[in-house]
Protein chains: 2
Amino acid sequence: MPRVVVAETRRQDVAQAVLRIVGREGLESASLRNVAQEAGLVIGSVRHYFASHTELMIFTMEELRRRIDGRIRSHAEQLLDPDAGIDRRARTEELFAEFLPLDETRREEAVVWLAFVTAARTRPEFRPCARRMHEEARELIGRVLLEAQRSGGIPGDLDIALETQRLAALLDGLTLGGVLHPDLMPPEDARAILHRHLRALAAGQEPA
Amino acid sequence: MPRVVVAETRRQDVAQAVLRIVGREGLESASLRNVAQEAGLVIGSVRHYFASHTELMIFTMEELRRRIDGRIRSHAEQLLDPDAGIDRRARTEELFAEFLPLDETRREEAVVWLAFVTAARTRPEFRPCARRMHEEARELIGRVLLEAQRSGGIPGDLDIALETQRLAALLDGLTLGGVLHPDLMPPEDARAILHRHLRALAAGQEPA
DNA sequence: GTTGTTATAGCACGGGCTTGCTAAATTAAT
DNA sequence: ATTAATTTAGCAAGCCCGTGCTATAACAAC
């Protein structure tokens with residue numbers, strides 16, 4: 001009886017509209033009105049797919065998380081699963097580079113990511129997703145570093161837990177710079193800094 | 001003829017109220033109504049000292065910048081001006097630690113700082129101040145690293161411009177973590193990571 | 001005390017927001 | 001063609017917002 005049900009696709013379309021608005025004008029502009037207009041719908045239609053504004057925002061944030069996670073995890077499987085090729089170093093750097101806003105796609109994601117995670121500080125409904133992104137990123141970084149240590153890519157006496165936090169913080173800081181001051185932190189610079197950091201890790205020095 | 005004029009003090013009181021609200025509930029809660037109540041005034045009074053809501057927010061952001069800048073610069077003069085004592089290493093670390101949310105005061109400042117600088121991306125009126133904070137921080141960090149290199153604290157073959165950006169990004173990332181996930185990035189951890197980074201810098205390795 | 005400036009108080013307007021609601025249009029199955 | 005569900009459309013209520021006003025209170029100089 002019903003019309004062809006493409007509900008989940010519809011929801012993703014609306015979430016996509018939210019992401020565009022947040023990237024362009026910020027979270028505070030993502031009202032139901034603006035979102036509906038951006039998606040080419042009316043408020044009522046949007047509300048038919050999302051019970052409330054809050055639910056829409058949470059869904060959108062989860063959609064963003066899934067997108068980023070998928071992009072990064074495809075790199076990770078490639079690097080961690082097989083015995084991997086010879087250029088582990090280069091591929092490891094590529095993996096970490098996925099966290100940085102080096103092209104337009106990643107930049108837009110980074111912009112919206114920053115908007116959501118900072119909003120999570122005062123909006124409890126965003127906290128679970130924000131926390132999950134934070135933890136999953138660190139867990140992945142930690143796994144890669146541990147694997148690098150096991151395979152001799154970095155010295156065995158390094159404190160992996162600490163180095164994980166240090167690298168994760170560096171990536172966050174580079175992302176922040178790329179998002180807020182793109183002219184002072186262009187992609188090439190971010191890349192060079194990441195490259196330098198990984199070289200320093202590989203060279204290693206006494207941990208204490 | 002006028003009542004005793006304490007206008008500038010009054011303005012700072014109101015700005016202080018804004019800072020409290022932003023720290024507690026976020027930028028979006030800093031409406032004239034809420035600010036007036038927090039400051040124990042009426043809307044009309046607040047508007048008597050600030051022509052518009054925008055002017056109030058800009059003044060508050062500048063006030064925050066002055067506060068952070070003063071705190072950090074007092075450390076800097078102590079370290080850069082005289083020939084300085086023997087423990088340059090420790091004092092340098094102390095200086096950089098001023099950027100991190102290691103105690104309640106610095107944490108509150110960091111929270112509000114993050115709110116303002118991220119808002120600056122979509123609010124042009126905040127950009128000048130945000131940019132100034134960013135540039136002044138990097139300039140100071142660069143000066144300290146250069147001085148450390150000159151005095152032999154860190155190897156002479158390091159690329160100071162690059163290391164400045166790397167350290168600045170690390171500090172930003174640690175601050176972000178401390179603000180958004182204080183339980184996963186407690187002050188001790190942030191300190192330890194900073195310590196580790198500076199040790200690594202001092203040990204140095206080939207720059208390429 | 002009178003005067004003139006500053007400070008406080010508060011009302012009213014216009015606008016944007018979310019949400020609850022009803023009514024119409026659309027469409028697949030019967 | 002009829003039916004019944006989904007989808008779209010849109011109105012009205014209630015809230016908070018910034019701003020433009022006017023009126024009152026406080027106080028230093030004369």
Side-chain angles (χ1 to χ4, degrees), chain A residues 1-61 115-116 119-120 122-126, chain B residues 1-22 24-62 115-116 119-120 122-126:
Chain A
M1 315 140 179
R3 198 191 292 198
V4 283
V5 188
V6 283
E8 199 55 25
T9 309
R10 255 336 201 189
R11 283 165 66 92
Q12 288 184 1
D13 290 346
V14 177
Q16 178 65 41
V18 175
L19 291 176
R20 282 198 300 273
I21 291 181
V22 174
R24 216 167 50 220
E25 311 165 40
L27 254 185
E28 66 279 10
S29 293
S31 66
L32 283 184
R33 276 177 171 76
N34 292 348
V35 170
Q37 186 179 8
E38 176 79 24
L41 301 173
V42 219
I43 285 190
S45 302
V46 175
R47 292 204 61 216
H48 180 255
Y49 294 100
F50 297 94
S52 68
H53 182 249
T54 299
E55 185 192 323
L56 167 59
M57 299 307 278
I58 292 179
F59 179 87
T60 303
M61 191 179 181
F116 274 104
T122 52
R123 312 237 295 227
E125 66 268 27
F126 289 164
Chain B
M1 316 142 181
R3 198 193 292 199
V4 282
V5 188
V6 282
E8 200 55 25
T9 309
R10 266 299 210 219
R11 283 165 68 93
Q12 289 184 1
D13 290 346
V14 177
Q16 179 64 40
V18 174
L19 291 176
R20 283 197 302 271
I21 291 181
V22 174
R24 215 166 52 220
E25 311 166 40
L27 254 185
E28 66 279 9
S29 292
S31 67
L32 282 184
R33 280 174 171 78
N34 292 349
V35 170
Q37 186 180 8
E38 175 79 24
L41 302 172
V42 220
I43 284 191
S45 302
V46 174
R47 292 205 59 215
H48 179 256
Y49 293 100
F50 298 95
S52 69
H53 182 249
T54 299
E55 185 193 323
L56 167 59
M57 300 307 278
I58 292 179
F59 179 86
T60 303
M61 191 179 182
E62 279 289 348
F116 273 105
T122 52
R123 314 234 308 228
E125 67 269 27
F126 290 164

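Just so it is clear: chains get the letters A, B, ... in the order the sequence lines come, proteins before strands, and each one is counted from 1.
Contact annotation: A/His48 does not reach the phosphate of D/dT8 (side-chain N/O to OP1 or OP2, under 4.0 Å). Look at B/Ser31 and you won't find any side-chain N or O under 4.0 angstrom from OP1 or OP2 of D/dC16. Contact annotation: A/Arg10 does not reach the phosphate of D/dT6 (side-chain N/O to OP1 or OP2, under 4.0 Å). The side chain of A/Asn34 contributes no N or O atom lying less than 4.0 Å from OP1 or OP2 of C/dG16. Residue A/Tyr49 places none of its side-chain N or O atoms closer than 4.0 Å to OP1 or OP2 of D/dT6.
Looking at every heavy atom in both residues, B/Ala30 comes nearest to B/Val22 through CB-CG2, 4.1 Å.
You'll find the side chain of B/His53 stays beyond 4.5 Å of the side chain of B/Val35, heavy atoms only. Using a 4.5 Å cut-off on side-chain heavy atoms (C-beta onward), B/Arg33 and B/Gln37 make no contact.
As a whole-Å value, the separation of B/Phe50 CZ from D/dG18 P is 14 Å. Following rounding to the nearest Å, B/Glu25 (CD) and D/dC16 (P) show an atom-to-atom distance of 13 Å. Atoms CZ (B/Arg11) and C1' (C/dT6) sit 15 Å apart, rounded to a whole Å. One atom, CD of A/Gln37, and another, P of D/dG10, lie 13 Å apart when rounded to the nearest Å. If you take CG of A/Asp13 and C1' of D/dT8, they are 16 Å apart, rounded to a whole angstrom. Remark: P of D/dA12 and CG of A/Leu32 are 19 Å apart, rounded to the nearest angstrom. Distance, A/Leu27 CG to C/dC17 P: 14 Å, rounded to whole Å. A/Leu56 places its CG atom 14 Å from the P atom of C/dC17, with the value rounded to the nearest Å.
For B/Val42, the listed nucleotide lying nearest its side chain is C/dT8; candidates were D/dG18, C/dT19, C/dT8. When distances run from any side-chain atom of B/Ser45 to the nucleotides C/dT8, C/dA12, D/dA9, the shortest one goes to C/dT8.
For B/Arg47 and C/dG10, a side-chain-to-base donor-acceptor distance below 3.5 Å is absent, hydrogens and geometry of angles not being considered.
Projected onto DNA chain C by closest heavy-atom contact, A/Gly44 and A/Glu28 fall at different nucleotides, the more 5' of which corresponds to A/Glu28.
Between A/Arg24 and A/Glu38, at least one side-chain N (NZ, or NE/NH1/NH2) sits under 4.0 Å from a carboxylate O, which counts as a salt bridge.
Within 4.0 Å of B/Leu41, counting heavy atoms only, lies no atom of the nucleic acid at all.
Annotation for B/Glu62: atom CD counts as buried by contact number, over 12 foreign heavy atoms lying within 6.0 Å.
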